[in-house]
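Quick notes on the structure that follows.
The sequence lines fix the lettering, A, B, ..., with proteins before strands; numbering per chain opens at 1.
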Amino acid sequence: MKSEELYALLRRRGFLWPSAEIYGAAAGLYDYGPLGHAFKRRIEGAWASWFLGLSEDYYRIEPAEILPEAVVRASGHLENFTDPEVTCARCHSSFRAETVLEKVRPAGVDGLSPAEIGKLIEENQVRCPSCGERALELPRPFNLMFGLDWGAAGKERAYLAPETAQASYLAFHRMWDVGRHALPLGIAVIGHAYRNEIAPRQVLFRMRSFTQAELQIFFDPTHFPLPFEEVADESLPVLRASDRANGLSAPRAVTARELVGEGGLPEFYVYHLAQELRFFRDVLGVPPERIRLLEKSDAERAFYNRLQFDVEVSVESLGGFREIGALHYRGDYDLTRHGTATGKELAVTPTNRPRLVPHVLELTFGVDRALWALADLGLEMEGERTLWRLPAHLAPVPVAVFPLLAKPHGEAARALVTTLRAEGIEAQLDDSGTIGKRYARMDEVGTPVCVTVDGETVDPAHPNHGTVTVRARDSKLQERVAIPALPARLARVGRFPRPRAER
RNA sequence: GCGGUUGUGGUCUAGUGGUUAGGACGGUAGCUUCCCAAGCUACCUACCCGGGUUCGAAUCCCGGCAACCGCACCA
């Protein structure tokens, strides 16, 4: 399906639409409608359930989304999230100053003022990489963070968080104090991140405000006990940086065990890579051949990341593999930076272990991107019929209830909805149009189960009195089920998978 | 940010200076005892925004906004 077709369908069904639309809309901002919101909550719930399920010591918090300037200075965002850009006066192309100057100054331009960069361009007679003219203008800084005036005097600055991770690092000392002084300690946040993208594109893939789900695992690199055997035989579709350097673009299937052995990756890292794969494949229902674990090279990843694999999903509407999640081994960079900046001691002494500054393993997940990818992957056009094959536990509407005929069966259908809701099943009534249209509507939004009340249900003389038809989305098959048996039958529909068998 | 293309009901679209702005799908209400988008009737909803030209603009011009494609960017 093409991107525009998919977007039209999502708009038509009220999943999402452009923000501030009656004012002509704002690029890079989208509002979620009822179905989009419900779907997104399901994805977030599935994520939380899976990754918080990895350990008893992983917790979810809800931090503020505004960061004082001192925080982003220490984190490096103030400096590194700013790219001086130069524009060619003749052909109007623009480039990062670093790119233009890479021949004359291979060390990069970090820390140079716009005037100093301009001087370098002038002295070295640098030409425009596009048209070859000497027409490059003075560079202007472009920071991807949204700055805020802070306080009445407006002298201090603050920023909308460009990633949710920073708040977790700031919360670490509190979490340590209130916890049981053991590593690993996990802090999960599902929240918004804000970036002033120059050119928002592709709807949910380049937004100015978006939702991240991130788990920061603080751990002792010399001691990270894990049930590695549980994932050792898992086959991972990895594309190593070294393979890419040799021109490979297809992933190779490598077991977790091999990735640690011959692959030379730390066990704790591979374990979480495997859990990422399982989450995308088994929880989100992404077909395995559409998942790729792509290792970022030294040049591609941020300098503080010692290891980085992106979890990529092949999305037809966006023309191929796109990053939805990532696994970053950030070492002790973050806690050390914040410790140095504040003068606070962020080293800890775990029970029966030597004192250390914990290392961080970051699991990050783009909720909006996942939403788009799942819609893209699941929607099938079968002639007139649009069918969304969505895992039942992710469906925005888990169960729909219809009266076969609105008048004679409407009351019984409404009563059934009430009964199901009392059992904690989010059933939704639809009594408009005809039965076939209702089935079609629900197929289009991925509702796995439709329940229909008919004449036999309400006829005390009929053998099928008190039973309803239960219709499965993918097969369209129906069967009659007694109403009292229905809650048990439907309870499984909304339950999120967990990473390990409950103990 | 740059260049190109485009902007008509919820969706897809017809209309290229004077139209009651047409259709299809959709939605709502009713009829039809009706389990997979059936039929019939009625109704609902639109010219992206702001200027200009003109007796008259959805239509032509300028500016803005937005989308798509390409370039650049995406620590």
Side-chain angles (χ1 to χ4, degrees), chain A residues 2-5 7-14 17-29 33 72 75-83 85-96 98-100 108 110 128-131 137 140 142-145 162-163 195-203 205-208 210 296 300-305 308 319 322-323 328 382-387 402-409 432-444 450-459 468-473 475-480:
Chain A
K2 283 194 290 193
S3 174
E4 282 168 273
E5 288 171 346
Y7 185 33
L9 188 145
L10 293 174
R11 272 201 315 270
R12 181 161 55 76
R13 295 307 307 262
W17 51 76
S19 295
E21 203 175 5
I22 61 171
Y23 281 94
L29 298 177
V72 294
S75 71
H77 286 89
L78 201 56
E79 188 184 350
N80 295 316
F81 226 48
T82 304
D83 277 332
E85 271 199 342
V86 292
T87 300
C88 172
R90 183 150 176 276
C91 70
H92 305 296
S93 307
S94 58
F95 310 89
R96 295 172 63 197
E98 189 172 318
T99 313
V100 174
D110 281 0
C128 170
S130 178
C131 68
E137 296 173 339
R140 38 195 173 70
F142 188 86
N143 193 297
L144 259 43
M145 289 193 293
E163 61 174 12
R195 295 180 189 180
N196 190 12
E197 295 286 353
I198 303 170
R201 286 285 162 92
Q202 298 178 314
V203 196
F205 268 72
R206 291 275 295 277
M207 293 198 288
R208 291 190 162 125
F210 58 99
K296 289 297 180 95
E300 287 170 326
R301 62 175 188 263
F303 63 93
Y304 50 76
N305 272 338
Q308 175 180 348
R322 300 297 302 257
E323 176 193 355
H328 301 152
E382 294 181 352
E384 279 276 278
R385 186 178 183 221
T386 304
L387 176 62
F402 310 145
L404 182 59
L405 298 176
K407 269 188 192 152
H409 316 132
S432 68
T434 59
I435 187 78
K437 258 186 190 180
R438 293 180 221 145
Y439 283 138
R441 269 200 291 257
M442 300 322 291
D443 285 344
E444 196 176 49
C450 296
V451 175
T452 300
V453 173
D454 61 17
E456 299 174 5
T457 311
V458 297
D459 178 2
V468 291
T469 58
V470 173
R471 180 263 199 185
R473 178 193 63 203
S475 63
K476 294 165 88 174
L477 294 176
Q478 298 181 184
E479 59 178 308
R480 285 204 89 90

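- A:E300 places its CD atom 15 Å from the C1' atom of B:C73, with the value rounded to the nearest Å.
- Heavy-atom nearest nucleotides on RNA chain B were determined for A:A472 and for A:R208, and the one closer to the 5' end corresponds to A:A472.
- Across all their heavy atoms, A:N143 and A:N196 have their closest contact at O-CB, 4.3 Å.
- The C1' atoms of B:G22 and B:C60 are separated by 23 Å, rounded to the nearest whole Å.
- Comparing the P positions of B:G3 and B:A72 gives an interatomic distance of 16 Å, to the nearest angstrom.
- Comparing the C1' positions of B:C49 and B:A57 gives an interatomic distance of 15 Å, to the nearest angstrom.
- Nucleic acid contact class of A:Y304 (heavy atoms, under 4.0 Å, all strands): base.
- Under 3.5 Å, the side chain of A:Y439 and the base of B:C35 form at least one donor-acceptor pair of N or O atoms.
- Contacts of A:E382 with the nucleic acid, taken as non-hydrogen atoms under 4.0 Å apart, are absent.
- Nucleotides B:C69 and B:C62 have their C1' atoms positioned 25 Å apart, rounded to a whole Å.
- Between A:R11 and B:U11, a side-chain N or O to OP1/OP2 separation shorter than 4.0 Å is present.
- One atom, CZ of A:F402, and another, P of B:A37, lie 12 Å apart when rounded to the nearest Å.
- When Watson-Crick and G-U wobble pairs are counted only if both distances are under 3.5 Å, B:A66 pairs with B:U6.
- In this entry the distance linking CD of A:E456 with C1' of B:C35 reads 11 Å, nearest Å.
- Of the two residues near RNA chain B, A:R480 and A:V203, the one whose nearest nucleotide lies more 5' is A:R480.
- Counting non-hydrogen atoms of neighbouring residues, nucleotides and ligands closer than 6.0 angstrom, the CZ atom of A:F303 exceeds 12 such neighbours.
- For the pair A:R471/A:M442, no side-chain contact is recorded, criterion being any heavy-atom separation below 4.5 Å from C-beta on.
- The pair A:E21-A:R11 does not meet the salt-bridge criterion, since no charged nitrogen lies less than 4.0 angstrom from a carboxylate oxygen.
- Listed pair A:T434 / B:A38 meets the phosphate criterion, a side-chain N or O lying under 4.0 Å from OP1 or OP2.
- The heavy-atom pair separating A:A199 from A:R206 by the smallest distance is O-NH2, 3.5 Å.
- Taking 4.5 Å as the limit, every side-chain heavy atom of A:T452 sits out of range of all side-chain heavy atoms of A:H409.
- When the P atom of B:C74 is taken as reference, atom CG of A:N196 falls 14 Å away, rounded to whole Å.
- With C1' as the reference atom, B:G18 and B:A58 are 13 Å apart, rounded to whole Å.
- Close to B:C35, at under 4.0 Å from its OP1 or OP2, lies no side-chain N or O of A:K476.
- For A:L404, taking side-chain heavy atoms from C-beta onward, the closest of the listed nucleotides B:C35, B:A37, B:U11 is B:C35.
- If you take CG of A:L387 and C1' of B:C36, they are 12 Å apart, rounded to a whole angstrom.
- Taking all atoms of both residues into account, the shortest heavy-atom contact from A:R473 to A:D443 is CG-OD1, 3.6 Å.
- Between B:U33 and B:G27, the distance separating the two P atoms is 22 Å to the nearest Å.
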Report all interatomic pairs (protein N or O, nucleotide N or O of nucleotides 25-28 of chain B) with separations under 3.5 Å.
| residue | atom | partner | partner atom | Å |
| --- | --- | --- | --- | --- |
| B:G27 | OP1 | A:R441 | NH1 | 2.3 |
| B:G27 | OP2 | A:K437 | NZ | 3.4 |

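- Using a 4.5 Å cut-off on side-chain heavy atoms (C-beta onward), A:H328 and A:Y304 make no contact.
- Candidate nucleotides B:G1, B:C35, B:C31 were compared by shortest atom distance to the side chain of A:K407, and B:C31 ranks first.
- The partner of B:A72 is absent, by the rule that a Watson-Crick or G-U pair needs both atom distances under 3.5 Å.
- In this model, a donor atom of one side chain and an acceptor atom of the other lie less than 3.5 Å apart for A:R441 and A:S432.
- Distance A:R385 CZ to B:C36 P: 12 Å, rounded to the nearest Å.
- Nucleic acid contact class of A:L405 (heavy atoms, under 4.0 Å, all strands): base.
- Across all strands, A:D454 comes closer than 4.0 Å to base atoms (heavy-atom distances).
- In this structure, the CD atom of A:E4 is 12 Å from the C1' atom of B:G7, given to the nearest Å.
- Among the atoms of the strands shown, none is found under 4.0 Å from any heavy atom of A:S475.
- Contact of A:R471 with B:C35 (side chain to base): no donor-acceptor pair of N or O atoms is detected under 3.5 Å.
- Nucleotides B:U41 and B:C25, compared at atom P, are 12 Å apart to the nearest Å.
- Between B:A38 and B:U16, the distance separating the two P atoms is 34 Å to the nearest Å.
- Base pairing of B:U11: its partner is B:A24, meeting the Watson-Crick or G-U wobble criterion (both donor-acceptor distances under 3.5 Å).
- The base-pairing partner of B:C31, taking Watson-Crick or G-U wobble contacts with both distances under 3.5 Å, is B:G39.
- Base engagement by A:A199 is indicated by at least one non-hydrogen atom pair under 4.0 Å involving a base atom.
- Each of A:E163, A:M207, A:M145, A:R208 was evaluated against A:R195; a single residue qualifies, A:E163, per the side chain to side chain contact (heavy atoms under 4.5 Å, CB included) test.
- Between A:T457 and A:R480, the closest side-chain pair of non-hydrogen atoms falls below 4.5 Å.
- One cannot find a donor-acceptor pair under 3.5 Å joining the base of B:C73 and the side-chain atoms of A:E197.
- With both pairing distances under 3.5 Å, B:C55 is matched to B:G18 as a Watson-Crick or G-U wobble pair.
- Considering only the side chain of A:T469, B:C35 comes nearest among B:U11, B:C74, B:C35.
- Across all strands, A:Q478 comes closer than 4.0 Å to base atoms (heavy-atom distances).
- Applying the 3.5 Å distance criterion, the base of B:C73 shares no donor-acceptor pair with the side chain of A:R195.
- For the pair A:R206 CZ and B:G70 P, the interatomic distance rounds to 13 Å; values are reported in whole Å.
- Residue contacts for A:R13: at a heavy-atom cut-off of 4.0 Å it reaches no nucleic acid atom on any strand shown.
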